[in-house]
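Okay, so here's the structure we're looking at.
Keep in mind that this is a model prediction, so the values were computed, not measured. Each chain gets a letter, A, B and so on, in the order the sequences are listed, and its residues count up from 1.
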Amino acid sequence: MPELPEVETVCRGLGSLIVGHTIRLLSCDDSPRSFPNIKTEVDLFVIGASVMGIRRRAKLLMLDLSTGYSLVVHLKMTGQLVYRGDTQDFGAGHPSDSLVGELPDKSTRVIIEFNNNSKLFFNDQRKFGWMKLYPTVEIPNIDFMQKVGPEPLEKEFTAKVFISRIRRRNGTTIKAAILDQTVLAGVGNIYADESLWGAKIHPATRVKNISDKKLALLLKEIKYVMGLSIEKGGSTSKNYVDAEGNKGSYMDFARVFQRNGLACSRHSDTMIEKIRVAGRGTHICPVCQPETEAN
DNA sequence: CACTTGACCTGTCCGC
DNA sequence: TGCGGACAGGTCAAGT
């Protein structure tokens with residue numbers, strides 16, 4: 001589920017909801033994959049700590065605590081971080097079309113309870129996601145942090161930088177290359193398809209067959225779709241909700257993702273197709289994005 | 001080494 | 001209605 005825009009939306013939402021709150025209790029289900037830290041660490045570094053700030057890097061969220069430790073969260077495919085204030089009684093009163101009902105529910109892995117009786121629920125249906133406690137200063141040394149590529153929306157991430165990084169993956173397809181988190185951070189299946197349509201590149205094209213000019217255009221499209229999606233609160237294709245349990249609306253603006261069988265907005269007479277590239281479901285307009293030798 | 005595939009889980013949808 | 005299989009937003013380890 002969550003790619004950069006979704007994680008960013010959760011980050012901004014949580015920032016205004018829980019920063020400054022003190023943690024009274026942390027409870028988790030019995031799957032160590034979801035939360036591997038032992039009770040002693042939680043007692044020492046989480047209970048009684050207050051939330052100093054919330055940051056995002058790539059698809060990771062970091063809740064920095066006053067104890068010098070941070071809760072690092074990866075939502076993977078179906079993770080959610082949903083906050084409920086104490087007046088919300090954690091259940092009733094939510095719209096019937098809401099993706100999140102009474103909490104905790106079957107998918108709840110971790111519950112963080114604050115001193116003002118509000119709660120933060122970490123839900124994850126497929127259990128791929130995780131929440132882990134690290135000393136804050138150690139975060140830059142996490143293997144993933146060492147390897148992950150630049151943030152696509154940063155000004156310093158120019159076409160020149162992008163091209164030099166993606167050329168290391170000249171042998172693979174452009175879709176596999178932009179999904180590679182060591183090339184750049186935050187692109188997932190939705191925004192890969194959306195940006196490749198924007199740049200009119202077939203996702204199975206080898207990187208080596210794409211000109212620098214086309215790659216520069218692709219980066220522009222990546223920045224555009226990510227920026228737009230953050231404005232729209234992310235994409236809800238299935239499970240994703242923000243920190244208050246609301247859906248994102250980028251899917252109303254999607255040009256190809258999950259639009260197979262619908263008309264391409266550039267050619268009302270051709271339909272979006274769904275194919276498989278890099279082991280992932282992939283959406284293309286066969287007219288805008290023909291398979292070619294060179295780009 | 002570079003690249004591709006399968007595994008991790010649960011739930012849903014689709015065809016028989 | 002039931003059952004098997006494919007598939008789902010992400011990343012690893014293992015395989016070629």
Side-chain angles (χ1 to χ4, degrees), chain A residues 1-10 29-36 56-61 72-81 99-101 104-109 122-132 142-149 165-196 203-209 222 225-226 229-230 232-242 247-251 253-254 256-261 274-283:
Chain A
M1 99 168 198
E3 305 178 28
L4 186 150
E6 290 74 35
V7 181
E8 177 66 20
T9 302
V10 172
D29 71 359
D30 52 8
S31 67
R33 300 178 65 91
S34 299
F35 190 91
R56 178 193 62 75
R57 171 75 172 104
K59 298 174 191 171
L60 285 182
L61 273 175
V72 181
V73 186
H74 200 309
L75 301 171
K76 289 286 180 87
M77 300 277 258
T78 54
Q80 306 172 326
L81 278 175
L99 289 174
V100 190
D105 65 20
K106 222 169 133 179
S107 72
T108 301
R109 309 287 163 222
F122 172 39
N123 301 330
D124 187 17
Q125 184 177 96
R126 290 175 74 179
K127 301 183 182 175
F128 291 167
W130 46 263
M131 174 180 282
K132 197 170 169 183
I142 300 173
D143 197 39
F144 175 87
M145 289 300 217
Q146 296 277 318
K147 290 191 300 194
V148 72
R165 296 185 72 88
I166 205 159
R167 288 289 179 209
R168 299 184 316 197
R169 303 298 313 275
N170 255 341
T172 191
T173 61
I174 187 63
K175 175 149 178 177
I178 59 175
L179 287 172
D180 181 345
Q181 301 296 297
T182 70
V183 170
L184 80 166
V187 176
N189 209 32
I190 299 175
Y191 305 106
D193 285 4
E194 291 289 297
S195 58
L196 287 165
T205 315
R206 299 279 143 183
V207 176
K208 62 171 177 286
N209 292 333
I222 290 171
V225 294
M226 294 230 164
S229 185
I230 290 170
K232 303 299 175 191
S235 298
T236 296
S237 102
K238 201 168 162 60
N239 291 287
Y240 167 74
V241 291
D242 68 15
K247 299 175 188 176
S249 67
Y250 177 84
M251 289 301 283
F253 302 83
V256 283
F257 191 77
Q258 288 181 347
R259 292 184 56 79
N260 34 316
K274 188 168 181 187
I275 59 175
R276 189 154 279 266
V277 177
R280 313 294 302 274
T282 299
H283 310 78

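Between C/dT11, B/dT4, B/dG11, one nucleotide has an atom nearer to the side chain of A/Thr172 than all others, and that is B/dT4. Set against B/dC8, C/dG10, B/dT4, the side chain of A/Arg33 has B/dC8 as its closest nucleotide. Nearest nucleotide to the A/Lys127 side chain, out of B/dT4, C/dG10, B/dT10: B/dT10.
Here B/dC9 presents its C1' atom at 11 Å from NZ of A/Lys76, a figure rounded to the nearest Å. What separates CZ of A/Phe144 from P of C/dA13 is a distance of 13 Å, to the nearest Å.
Residues A/Tyr240 and A/Tyr250 keep their aromatic ring centres 6.0 Å or farther apart.
Heavy atoms of A/Ser107 sit nowhere under 4.0 angstrom from any nucleic acid atom. Among the protein residues, A/Arg109 comes within range of no part of the nucleic acid, since none of its heavy atoms lies under 4.0 Å from any strand.
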Can you give me the N/O atom pairs linking the protein to nucleotides 5-8 of chain C at distances under 3.5 Å, or say none if there are none?
residue: C/dA8; atom: OP1; partner: A/Lys274; partner atom: NZ; Å: 2.9
residue: C/dA8; atom: OP2; partner: A/Arg276; partner atom: NH2; Å: 2.7
residue: C/dA8; atom: N3; partner: A/Arg126; partner atom: NH1; Å: 3.3

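Listed here is the closest heavy atom pair of A/Asp242 and A/Val10: CA-CG2, 4.2 Å.
Stem regions for DNA chain B, each three or more consecutive Watson-Crick or G-U pairs with both distances under 3.5 Å and listed by first number, read B:2-8 with C:10-16, B:10-16 with C:2-8.
Residues A/Leu61 and A/Leu81 form a side-chain contact, since some pair of their non-hydrogen atoms from C-beta on lies under 4.5 Å apart.
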